[in-house]
There are 2 protein chains.
Amino acid sequence: MPIKQQIKLTVDAVVFGYIPKEGIVVLLIKRTIEPFLHSWALPGGFVRDEENLENAVTRELLTEAGVNINYLEQLYTFGMPNRDPRGRVVSIAYFGLVNPTNYKLAASSDAEDATWFNIKELPDLAFDHATIIDLAVKRLRNKIRYEPIGFELLDKKFPIADLEKLYETLLDRPIDRRNFQKKINHLGILIAHNEKQKQVSQGRPAKLFSFNEEKYFQLKKDGMAFEI
Amino acid sequence: MPIKQQIKLTVDAVVFGYIPKEGIVVLLIKRTIEPFLHSWALPGGFVRDEENLENAVTRELLTEAGVNINYLEQLYTFGMPNRDPRGRVVSIAYFGLVNPTNYKLAASSDAEDATWFNIKELPDLAFDHATIIDLAVKRLRNKIRYEPIGFELLDKKFPIADLEKLYETLLDRPIDRRNFQKKINHLGILIAHNEKQKQVSQGRPAKLFSFNEEKYFQLKKDGMAFEI
DNA sequence: TCAAAAGTGTTAGTTTTACACCCATGA
DNA sequence: TCATGGGTGTAAAACTAACACTTTTGA
């Protein structure tokens, strides 16, 4: 029996960034087509017939916002029959991380505008995108405790205090500076550099560190558990 | 511009059970249609136009194997362009748990046969179903440490030793009986019954317990973390 | 020399692990 | 009365949490 499905497939990306003085931000674009014309929405779009899903996401991120993604994983598939006024559209949502200071956002023909919004001050959103972002925020807050994804949001070289502030922001609780540092150092996944942070404000300049990915994978294979 | 997608959507279910003397088992059906006619495969099938995804899964489980699922969550969406010889078929895989002793599996017209296979002795499988099961097994092993889903695999009333053996099987390491019991009791999510296990073999009969779901949700809301 | 932020160590409390003897039951 | 599995407590070790003073820098 031939299958005559009318179901359409899209992908959507929830891309988070971290801006130290601002907090956690998410990338939104302003739609240039109906439905929800001129509404804010997640970057995304229809999956092409022979395209794999990750390609569809990275393609849409590049064409709609000029963003080259750093870290990308599948989040969840949304399939409620009435989530899209055009008919049955199932969307596979992805979860991404970038360091927003590396990008100049480029709104292209596919989007009127593309900007970072603080996750605490989101505008009205198209479709069920508010729900999707909610879920992605939960995933981020959870995942950062068990996997070293926080580094994707920071500069390659960073002072430990930046990492700590990121964790304080995401976990929404104060963290003891000394204990945090001890814990991170004890994991043995940071490389200390002989460089100091360029002075931003006052005070003693901090040493810079970077994440040692190879070492991490080695340690993980040996049974080490990353946990903050 | 109208969208002319040829992509088709299916759901597949990885349903696990626990048989104390056997270990962790997964539900497979024998296909009655091409492709992979007569191969073992995960229960699943095409999503109907106006049907939500969970409904599609529970419908297929019921018609293909006569199973009423206990616990169901979305696992992952598989979208590699060549995963199905019929063309582009994207499949949303679900992860389910049942107590297999509650079911008499019923192979129906949609499946030649439906049986439980030990996850250590899987047959050759249709499509990319081996990959899907791999991922589901990882999810199960991981999830059982942070969420009280183990209870879904046991009888409503069970001796603590059964729960402990389940954890030993899944985590693949010995667990100290006394420490395990202390930990579980300390969580305060079990109800002790004034019943003893009917004698299966020799030895002192064990007290029976059941999972206190309400209490668990209350404690969780208050910040308690379930962790084994 | 002052203000700001970085660097660093010790102690108490809590949690986790290791470990062994007695009890209830059926054969 | 023996074999089998169930029930239970304590002490050492590891980990986590709390806490404050000194150093480096620029203004």
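Numbers restart at 1 for each chain; the letters A, B, ... are given by sequence-line order, proteins then strands.
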Can you check whether any acceptor in the base of dT10(D) is under 3.5 Å from a donor in the side chain of Lys182(B), or vice versa? yes

**Report entry** Ring center gap for Tyr76(A) and Phe95(A) short of 6.0 angstrom
**Finding:** no

Taken to the nearest whole Å, NE2/His193(B) to P/dG6(D) is 18 Å

Task: Ring centres under 6.0 angstrom apart (Phe209(B), Phe158(B)) - done: no

Separation of dC21(C) atom P from Asp176(B) atom CG, nearest Å, is 15 Å

Asn185(A) CG to dC15(D) P, in whole Å, measures 16 Å

N/O donor-acceptor pair, side chain Lys196(A) with base dT23(D), under 3.5 angstrom:
no

Is the closest basic N to carboxylate O distance between Lys157(A) and Glu195(A) below 4.0 Å?
yes

Polar pairs (N or O, both sides) under 3.5 Å between protein and nucleotides 4-7 of chain C?
{"residue": "dG7(C)", "atom": "OP1", "partner": "Lys207(A)", "partner atom": "N", "Å": "3.0"}
{"residue": "dG7(C)", "atom": "N7", "partner": "Arg177(A)", "partner atom": "NH1", "Å": "2.9"}
{"residue": "dG7(C)", "atom": "O6", "partner": "Arg177(A)", "partner atom": "NH2", "Å": "2.9"}

Whole-Å distance, Met224(B) CE to dT15(C) C1', equals 16 Å

Rounded to whole Å, the CG-P distance (Leu190(B) to dG7(D)) equals 12 Å

Please tabulate, for side-chain N and O atoms in residues 217-228 of chain A, each donor-acceptor pair with protein atoms closer than 3.5 Å (sequence neighbours left out).
{"residue": "Gln218(A)", "atom": "NE2", "partner": "Asp222(A)", "partner atom": "OD1", "Å": "3.3"}
{"residue": "Gln218(A)", "atom": "NE2", "partner": "Asp222(A)", "partner atom": "OD2", "Å": "3.4"}

In whole angstroms, the gap separating C1' of dA17(D) from CD of Glu227(A) amounts to 16 Å

Kindly say whether the aromatic ring centers of Tyr167(A) and Phe180(A) come within a distance under 6.0 Å. yes

Requested in this report: Run the salt-bridge test on Arg31(B) and Glu112(B) with the 4.0 Å N-O cut-off and return the result as yes or no.
Outcome: no

Rounded to whole Å, CG of Asn179(B) lies from P of dG7(D) at a distance of 16 Å

Here the distance between atom C1' of dT14(C) and atom NZ of Lys183(B), to the nearest Å, is 13 Å

